[in-house]
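One structure is given below, encoded as structure tokens.
Every chain is numbered from 1 and lettered A, B, ... according to where its sequence line falls, protein lines coming before strand lines.
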4 protein chains.
Amino acid sequence: MIDKSINKCYCIPMQSTELVLDSKKRKEAAILDAACAVIREKGLHQARIVDIARKAGTSYGLVYHYFGSKANLFDAISNEWWNSLYTMIDAGAKTAAPVNEKLAAIINYFFDLYETRPNLVHIFVTDISRSTNNLTPERLNCFKRFFDRIERIIVGGQSEGTIRSDIRARYLTYIFVGSLEGFLSTMVLENQPIKGPEQKQRIANGLLEVFFNGARNVDRR
Amino acid sequence: MIDKSINKCYCIPMQSTELVLDSKKRKEAAILDAACAVIREKGLHQARIVDIARKAGTSYGLVYHYFGSKANLFDAISNEWWNSLYTMIDAGAKTAAPVNEKLAAIINYFFDLYETRPNLVHIFVTDISRSTNNLTPERLNCFKRFFDRIERIIVGGQSEGTIRSDIRARYLTYIFVGSLEGFLSTMVLENQPIKGPEQKQRIANGLLEVFFNGARNVDRR
Amino acid sequence: MIDKSINKCYCIPMQSTELVLDSKKRKEAAILDAACAVIREKGLHQARIVDIARKAGTSYGLVYHYFGSKANLFDAISNEWWNSLYTMIDAGAKTAAPVNEKLAAIINYFFDLYETRPNLVHIFVTDISRSTNNLTPERLNCFKRFFDRIERIIVGGQSEGTIRSDIRARYLTYIFVGSLEGFLSTMVLENQPIKGPEQKQRIANGLLEVFFNGARNVDRR
Amino acid sequence: MIDKSINKCYCIPMQSTELVLDSKKRKEAAILDAACAVIREKGLHQARIVDIARKAGTSYGLVYHYFGSKANLFDAISNEWWNSLYTMIDAGAKTAAPVNEKLAAIINYFFDLYETRPNLVHIFVTDISRSTNNLTPERLNCFKRFFDRIERIIVGGQSEGTIRSDIRARYLTYIFVGSLEGFLSTMVLENQPIKGPEQKQRIANGLLEVFFNGARNVDRR
DNA sequence: GATGAATGAGTGTTCATTCAT
DNA sequence: AATGAATGAACACTCATTCAT
């Protein structure tokens, strides 16, 4: 259900079916990969183009040749992040799956991505989400589009009666996304790897459980 | 229950009972206030010492006279944030109040602070929480101390049987803090003021409701 | 006998046999030359990188491109000084020339250099020799290596019986180098040019004469 | 024969005969002492007024109250150095002592001073002698006056026939002072203390011996 | 006299960006 | 396409000096 196309690494997959992946694309991908690694390590502002180029095995002139500016380079990363995310959510939204499955898919998407492309998730949590530097209206919009999509799912749940309507869908959206990001942030900032699929499942279940059924001890109800 | 001492503004309270608030403290406070405003507006990295000084109505030399370096200045802000937070939580923790009240107090603390000192909350959401620049072990520790306190409250709830024990207290902590931060982030980044005490109450209730009882529509159960 | 390779100017020799002296080396040399001039004029500390760049006809950014820092730039000058000096002494030391000729060669080296590259000699007398700023162990070592080489020559003289052994070779070294530096310092600080080869010869002879035979009037002995 | 007044410490001698040494003088002396210590340690340029004041146990405002500026403070040290030196030489010059005794007195003056006030000698060797920063005509004049006095002594020796006249008195002056400074520099820069009066005597003798009789092995003559 | 708050000129250094080769 | 030499705006920070108290 989940589009995992984002999981593909930027750099040349060894067993690529296309025999000729032209050098241009290859370099571009190497630069993007390197950019993710360096930005993750140092943060967007401290990430120097020279470092990125060096890590990508090219000259820094080439970075400008391909991307024009540091801002553009970051935008390329950002856009890829958001587009993958939107695509994934939209693909799920079309299905007739119940709300909890749709939300589960989103949670899994993030955790899967954290395993395959931790740098990107790190950048999302830090420089994409919160940097005041980057707080252009355009960038805020990316977030709104994300929230809107989640909200639509939740509204869907409210319409079909599976989600309570006495709390605004927008608020529920913030709570859902906030919880998810809370987990990701901690893992990312403390550099914790996910220890096996069971832990991933446990966390995902915990998130969904609390979101749907709350933290209250049922025995006492 | 909640220690609101942090709410006092750094700058000279107009109706100060102490007639003499020595000039030194006054300047220091003015600089801290200005720093919060500028850092909030531009982000830590883009905040120039000259701007802060100008906004504080002093020369930039004085900023160094008092704080020694930009990093120290930011640390002063950070420390004040964390210490106020710890103090508030600890004060609440001592009481015999039920878990939900303790958590409500924490939620209220954040939302009240957002009204009285929005700059500080903004900085928390952006530069204190997420900046990779600042990811020193010491700064991670501040976060851990915060989480540990929340976790202790939740463990308390698990012991007394009001909070379910089938989900790790640490996970519940991430969910609780994440939800709360989710709201704050949105308000902060979209520059939304809280429209009156009713809205604040509605949000706070929403957060607690979902955390304790979940988003599921009870009718359908 | 004396290796005069150091006498070559950093900047492009007008009658260079190599048609292509790549621009990179040329700029680097121009910067070093300019650095010598500015440091000589203002002293290491007062020498501003901007001045050096301007005198070299480049931007100050390029100075950093090539040398990384002011300290590195100064080290480059220093190292060149010391290496040339060591090379010269070592070349002379290998020969079977008598001690007085070896010492004469060293004296001549300094005075020749003072004519061809007065800036460098000036810097040696002031910033290389005496600056407390620069008194790192590494820099002291450079001096020690210089003294060790002179001492070895003098010990050679003591062994072969031409130099008295009742005074420690180390002391004689200090006296020899001190006398030589005494002359250089005066010329350098008073900005005196050497007036023709006869004066140079007279000074060199005076130095050697007194070092070997003393200042006492022989008639009276 | 040698005026050792310079040896007195700036700060209050415990057994002062004047019972009341007014606080003003005391502070001034403390500042001068501290200045010597700090300048010796860091070099003139790196010596901060704050450091000097702190070491002197006063506020930096007071340094300005007494000395007006950093340059003045350094001049006070410089002047004291030169005046003591001139006084000492002039006192010796008036006597009918033979040249070698006069020069011996000068050598002893320096080495004695190195024991009692090493900081001052250090500053002489580094910042007074060689700093290009300080190369004002006035400061060069101080040196000239020193050299002139030595030259006069040597000319005296040439007149009375004890010193050879085939080498210019000025050159002999450079050689004498250079040798002496060569020793001092080494001791100062390597932070070597003089190990007892015998070593001091040995060095002084060596200097005079070589200056008068040369380094040549007499057996071979 | 004594203090230290306040000032701001001055400078080393970084780094995105341009462009000739 | 690819390189890296060259540029200069921008900024943190130092520290001598002034001056109100």
Query raised in the report: Looking at side-chain heavy atoms only, is the closest gap between A:Tyr60 and A:Ile52 below 4.5 Å?
Result: no
Query raised in the report: Salt bridge or not for B:Lys42 and B:Asp51, using N-O below 4.0 Å?
Result: yes
Query raised in the report: How long is the gap from CD on C:Glu41 to NZ on C:Lys55, to the nearest 0.5 Å?
Result: 5.5 Å
Query raised in the report: Where the side chain of C:Asp127 meets the backbone of C:Ile123, is there a donor-acceptor pair that is under 3.5 Å apart?
Result: no
Query raised in the report: Hey, what do you get for CG (B:Leu32) to NZ (B:Lys25), rounding to the nearest 0.5 Å?
Result: 10.0 Å
Report task. Could you state the atom-to-atom distance from CD of D:Gln46 to C1' of E:dT11 in whole Å? Result -> 13 Å
Query - Between E:dT14 (P) and A:Lys42 (NZ): distance, integer Å - result: 12 Å
Query raised in the report: Given Watson-Crick or G-U pairs with both distances under 3.5 Å, what dot-bracket string fits DNA chain E, with | for other-strand pairs and [ ] for crossing?
Result: .||||||||||||||||||||
Please table the atom pairs, donor to acceptor, closer than 3.5 Å between any side-chain atom in residues 62-78 of chain C and protein atoms at least two apart or in another chain.
residue	atom	partner	partner atom	Å
C:Ser69	OG	C:Ala71	N	3.4
C:Ser69	OG	C:Asn72	N	3.1
C:Lys70	NZ	C:Leu44	O	3.1
C:Lys70	NZ	C:His45	O	3.3
C:Lys70	NZ	C:Ala47	O	2.8
C:Asp75	OD1	C:Arg139	NH2	2.4

Query raised in the report: For B:Arg26 and E:dG4, what is the distance between atoms CZ and P respectively, to the nearest whole Å?
Result: 20 Å
Requested in this report: Could you please spell out the steps behind the side chain to side chain contact (heavy atoms under 4.5 Å, CB included) verdict for B:Thr126 and B:Leu189?
Outcome: CA-CA 9 Å; B:Thr126 53; B:Leu189 297 178; 4.0 Å; yes
Requested in this report: Classify the ring geometry between C:Trp81 and C:Phe124 as parallel (under 30°), tilted (30 to 60°) or perpendicular (over 60°).
Outcome: parallel
Query raised in the report: What is the distance from atom CD1 of B:Ile128 to atom SG of B:Cys142, rounded to the nearest 0.5 Å?
Result: 8.5 Å
Query raised in the report: side chain to side chain contact (heavy atoms under 4.5 Å, CB included) between A:Arg117 and A:His122: does it pass, once the steps are laid out?
Result: CA-CA 9 Å; A:Arg117 302 190 60 202; A:His122 192 124; over 6 Å; no
Query - Whole-Å distance separating the NE2 atom of C:His45 from the P atom of E:dG12 - result: 8 Å
Query raised in the report: Do you know which two heavy atoms are closest between D:Ala30 and D:Ala56, and how far apart they sit?
Result: O-CB, 3.7 Å
Requested in this report: Apply side chain to side chain donor-acceptor pair (under 3.5 Å) to D:Arg54 and list each qualifying residue two or more places apart in sequence or on a separate chain.
Outcome: none
Query - Contacting residues from residues 50-59 of chain C, given that a heavy atom lies under 4.0 angstrom of DNA chain F - result: C:Thr58, C:Ser59
Report task. Please list, by residue number, the residues of residues 61-71 of chain B whose heavy atoms come closer than 4.0 Å to an atom of DNA chain E; answer none if no residue qualifies. Result -> B:Gly61, B:Leu62, B:His65, B:Tyr66
Query raised in the report: Mind checking which nucleotides bracket the chain B contacts on DNA chain F, 5' to 3', with an atom under 4.0 Å from a heavy atom?
Result: F:dC11 to F:dT14
Report task. Can you see which heavy atom on A:Asn119 is nearest to which on A:Ala37, and at what distance? Result -> ND2-CA, 3.4 Å
